[in-house]
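Residues: numbered from 1 along the sequence shown. Note that the coordinates shown come from a computational prediction; the quantities given were computed from them, not determined experimentally. In each ligand, atom 1 is the first atom listed, and ligand 1 is the first ligand listed. Computed from heavy atoms alone, side chains included, the values below leave out hydrogens, waters and symmetry copies.
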Amino acid sequence: MEIAPVQGAESSLTYPINMTGRKAIGIDLGTTFCAVSHIDMYGKPQIIPNSESERITPSVILFDGASVIVGTLAKNNSVAEAERIVDFVKREMGKPKEQFHREFNGKIYSAEELSALILRKLKADAEKYLKEPVTDAVITVPAYFNDAERTATITAGQLAGLNVLQIINEPTAAAVAYGLDKLNEDQTVFVFDLGGGTFDVTIMRIQGQGIEMLATNGDHRLGGKDWDDVIVNHVAEEFDRAHGENPLLDLQSYQDLQSRALAAKIQLSSRPRTAIVHNHNGKSVKIELTREEFELKTRHLVEKCKTICEMVLQEAKMNWSDIDKVLLVGGMTRMPMVREMISQLSSVPVVDDVNPDEAVAVGAAIQAILSLLREEEVSGVKTLSENTRQQFSSREGGLIQVTNITSHTLGVVLWDEGHLEEYVFPMIRKMTPMPATAKNSFGTASANMPRVVVRIVEGESTLPAECTPLGLCDVELPAFLPKGSPVELTYEYNGNQVLEVSVNACGNQAKVTIERNTGLAPDEVERATAGLGAIVVA
Ligand code: AMP
């Protein structure tokens, strides 16, 4: 252990570094709020408060001159500094810079760079609280995030100086947080996760030492903000009616109304009525809103949630009678109308002994320790405390296993002779447990083809243009082959999201490995971090 030179009376020691110098945290990188958790020296998950002593940090960034402020201070300034604020960046993850960027002080920021600024604050606050450097993290994402969105999340973590051990699905993390102490009961859990900006439903099987994801669905543009917007629009309409002016055309007024609407929504969870006052251009309105009116105005949003719940059950070929428990995750599940909808859907017991704001981060922290335990197993070097090891090994001494399922279909583009057009044939369907292997034989489209080019895509559509291209696998063919000569295609998708595609065309073989969710290479991280380097995150 290094001892830093004595500078002053107080800080004479560096951070105590554990045996490996590695400390892992779990991060719930939310659309509206983030939470961070770690496993303490007794092997128990704990939430890490931020430097403002809050258990959750608003995912809001304020560009304040040369420095960047993240969290409540930024959120509180969102009215006065509306043009210098970035929020809801999670909704933009995975978009190339041409499609989404924000410019501050002459620098153009991509979604992952903005997200990295949030992660930097979380990392710095965790280090301050834990009094040791944080090196590794598991970061959570919605289950239906596609490859680009997941990769952007890894990149954001790397840019923030974190070694991203794993990206895991939010409902998986929540079930891990919930299932840890309950693994002696086999059960099927329905995870209902309604957050600030996203909605996610997942059916999981908790059995023996394993947590298996059976089905997932969601809408990544449905969340608390939509409920807030209903209030925003209602107040704006009333304002317009009273004063003949739309207050939403003014960014500051809009931001102000948004935070008032959010506060009103939260009040209506515990009170039957509330009042929203809005001032704009020296004029004002006061709108009374009852819970009943609000529920009527937002009924369509709850209906959307209900439809998605029914869809996921159908996809899993299950009924409510197959579900043992409903697990509520996300701040929006505190709303009475959401709870009522769930209890009307089924009589399955609802579990809310996990804090809906914290469960995901706690699950991520547990998963981070599991990752490090696996690394211990491989390297043979013990790096964790005995307490932690005991806590996380199962009764039989093995590790708790989390089985993920594919969140999108992996397909191949084929030629449809009947309709004279290309279409996508699904090789590994959405929701297949990983690792997954699929083998199929196809025929060459014409005689004497010199080569076959296999186009590998991801997506649910049968139209190639609506799917995301993942790669090509190119193989030469022997001469003079008749039309319809067999081409055998194998897709192997392993638990680490590496897809291997092999082609066997009449004895000629080719193989391509598509590494997914890898983020940036070390030199790319260095270059990209240099761009963010000068920025102080407070
Ligand atoms: P999350 O992204 O899971 O942190 O969820 C945050 C969302 O939950 C935001 O839209 C909050 O406004 C909302 N929320 C938090 N607490 C409550 C509450 N008591 N009633 C209604 N909505 C809430």
Sub-4.0 Å atoms of ligand 1 with respect to non-hydrogen atoms of Thr32: 2 (O), 6 (C)
Close-contact set for ligand 1 against Gly330 heavy atoms, below 4.0 Å: 3 (O)
Heavy-atom nearest neighbour in the protein, as seen from atom 23 (C) of ligand 1, with distance rounded to 0.1 Å: Gly331 O, 3.4 Å
Atom indices of ligand 1 within 4.0 angstrom of Phe33 heavy atoms, with elements: 4 (O)
Polar proximity ligand 1 side, Met332 side, N/O cut 3.5 Å exclusive: yes
Heavy-atom neighbours of Tyr129 OH exceed 12 at 6.0 Å: no
Options Lys265, Arg334, Lys225, Glu170, ranked by nearest heavy atom to atom 13 (C) of ligand 1, top entry: Lys265
Heavy atoms of other groups near Lys97 NZ, more than 12 under 6.0 Å: yes
Polar atom proximity, Ser269 to ligand 1 (N or O, under 3.5 Å): yes
Ligand 1 N/O within reach of Gly196 N/O, cut-off under 3.5 Å: yes
Leu262, any N or O under 3.5 Å of ligand 1 N or O: no
Donor-acceptor contact present, side-chain Ser59 to main-chain Gly30, <3.5 Å: yes
Whether Arg91 side chain and Gly197 backbone form a donor-acceptor pair below 3.5 Å: yes
Cation-aromatic face contact Lys304/Phe199, 6.0 Å, 45 degrees: no
Residue Gly195 vicinity, atoms of ligand 1 by number, heavy atom under 4.0 Å: 1 (P), 2 (O), 3 (O), 5 (O), 7 (C)
Lys107 to Tyr109 six-membered ring, cation-pi geometry met (6.0 Å, 45°): yes
Interatomic distance, Cys34 atom SG to Asn50 atom CG [nearest 0.5 angstrom]: 10.0 Å
